[in-house]
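Take a look at the structure below.
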There are 2 protein chains.
Amino acid sequence: MPHKHVKEMEALKEHLGKHQLKLTRQRELILNAFLRQEHITAEAMYHQLAKADPHLGLATIYRTLNLFCDAGLAQARHFGSQTKYDNVSHKGHHDHLICTGCEKIVEFENEEIERLQEEVAARNGFTIKNHRLELYGLCSSCRH
Amino acid sequence: MPHKHVKEMEALKEHLGKHQLKLTRQRELILNAFLRQEHITAEAMYHQLAKADPHLGLATIYRTLNLFCDAGLAQARHFGSQTKYDNVSHKGHHDHLICTGCEKIVEFENEEIERLQEEVAARNGFTIKNHRLELYGLCSSCRH
DNA sequence: TTGAAATTGATAAACTGTCTCAAAATTATA
DNA sequence: TATAATTTTGAGACAGTTTATCAATTTCAA
C-alpha cells in the first residue's frame, strides 16, 4: 500500500512544494484511499476512513479533496445535492446511458463526441474542464 | 398574460389529473412566471413573484418547481450549491456551455453530436427520449 | 353547497460544505 | 537533535439551500 500511486504522490508533493504546504499523515492516507476510487463523496470517504483513523475529521476530508482538485488529481462534480470527487487518473468514463424504465445505467465513451465538444467550446471561447452527458431512454428489455 | 402558454398549461393539467393533484392559483401563477424564463433558481423566482403575491411561500416555489419537473415541463440542474430549473419547452434541445468562473451559460446545438448520440444508443440497444449535455470550463474572460 | 382530500404558508429541521481556533504536527534552521 | 516558525488538524459552530411539519385554507367531485 505505501508503495502504490507513486506518480500521483509525486504530483502532490510538487504541488505542496510550490505552495508552501506540508505533507501530512492525513494527506497521504486520504490520497491513497482516494486513488482506489473512481469517484466518491467526502462523506463516503469519511466513513470509509473511520476504520483506519477514527479521529480523522470531516473538515479535513473536504479540505484535502479540494486540495487534490487544486493539484489536478481530482475533479469536483455536483451530482444531485452532493459533490462527487472524480479520480482524474481514471477519466473517460463519465458519460451515461440511463434507462427510464428500469433505471439501468450503461457507461460509454465516444472519442468523436468528445472531439466535437472541444470544437463547440473553442468556437465559443471556452476551455473545457469537464463535462456531463446523459442520454435518457428505454433499454431493449424495457421497450417491449 | 392569462392566455399565453396554453400548451404547457394543458400539459400541467394532464399531469395533475393523472396524479389526483389540484390546480391552484399559485401553480398557475408560478407556471406563467416560470415559462417566461429560460432557467431560474427557486430563490430568484421567490423574489420575482413577491410583487405579484407577497405571501407566496418559498416552500411552495420549491414544491411547484419540483412538480413541473415531474410533469416534464422543467429540468433541475445542480450547479455549485444551487439548483437551477430549466424551462424545457423553451427549446427542443438545448445543450449548455457553463463557465465555472462567472457562471455564464451559453446554449448551443450540434447536429453531429446528436447523431453520434443516437449511434451510441443504438449500439447499446437504447431508444433515446431526451438527453442532457453540459460542458464545464472557463470562458475567455475568466481564463485570464 | 358540502366535505374529503390536497395545498398552502410559516417556520423548524435536515443536509452539505465552510469557518474558527486552540492544540498538534511538520519543516527549516541551527 | 533541538528549536522555532508555520501549517495543519479536529471538533464543533456556522451558513446556505432544500425539505418536512402542521394547522388553516382551498379545491373539486358529488
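In what follows, chains are A, B, ... by sequence order, proteins preceding strands, each numbered from 1. In this text, all values refer to a predicted model and were calculated from it rather than measured experimentally.
Of the inter-residue distances, the one linking L97(A) atom CG with N124(B) atom CG reads 5.0 Å to the nearest 0.5 angstrom. Separating the CG atom in L67(A) from the CG atom in L12(A) is a distance of 6.0 Å, to the nearest 0.5 Å. Note that CG of L138(A) and NZ of K129(B) are 5.0 Å apart. Values are rounded to the nearest 0.5 Å.
Within the 4.0 angstrom heavy-atom criterion, only backbone atoms of the sugar-phosphate kind lie near T83(A); the bases stay farther away. Heavy atoms of R27(B) sit under 4.0 angstrom from primed sugar atoms or phosphate atoms, though from no base atom.
The NE2-C1' distance, from H47(A) to dT16(C), rounds to 13 Å in whole Å. The NE2-C1' distance, from H78(A) to dT18(D), rounds to 16 Å in whole Å. As rounded to whole Å, 9 Å separates atom P of dA25(C) from atom CD of Q26(A). The distance from atom CG of L23(A) to atom P of dA28(C) is 11 Å, rounded to the nearest whole Å. Distance CD (Q20(A)) to P (dT8(D)): 10 Å, rounded to an integer number of Å. Between R25(B) atom CZ and dG9(C) atom P the separation is 7 Å, expressed in whole Å. Taking atom CD of residue Q82(B) and atom P of nucleotide dT17(D), one finds them 5 Å apart after rounding to whole Å. Counting to the nearest Å, the C1' atom of dC15(C) and the NZ atom of K84(A) are 16 Å from each other.
Candidate nucleotides dA10(C), dG10(D), dT19(D) were compared by shortest atom distance to the side chain of Y62(B), and dT19(D) ranks first. Among dA4(C), dT16(C), dT17(D), the nucleotide with an atom closest to any side-chain atom of K22(B) is dA4(C). For A59(A), the listed nucleotide lying nearest its side chain is dG12(D); candidates were dG12(D), dG9(C), dT16(C).
Residues E114(A) and H131(A) are in side-chain contact: their nearest non-hydrogen atoms beyond the backbone lie under 4.5 Å apart. Side-chain contact between R63(B) and Q26(B) is absent, with no heavy-atom pair separated by less than 4.5 Å.
Between T24(B) and E43(B), the residue anchored closer to the 5' end of DNA chain D is E43(B), taking for each the nucleotide with the nearest heavy atom. Each of Y85(B) and L21(B) has a nearest nucleotide on DNA chain D; the 5'-most of these lies closest to Y85(B).
Between H55(A) and dT9(D) there is no side-chain N or O to OP1 or OP2 distance below 4.0 Å. Between dT18(D) and N66(B), no contact under 4.0 Å exists linking OP1 or OP2 to a side-chain N or O.
A donor N or O paired with an acceptor N or O is not found under 3.5 Å between the base of dG17(C) and the side-chain atoms of R63(A).
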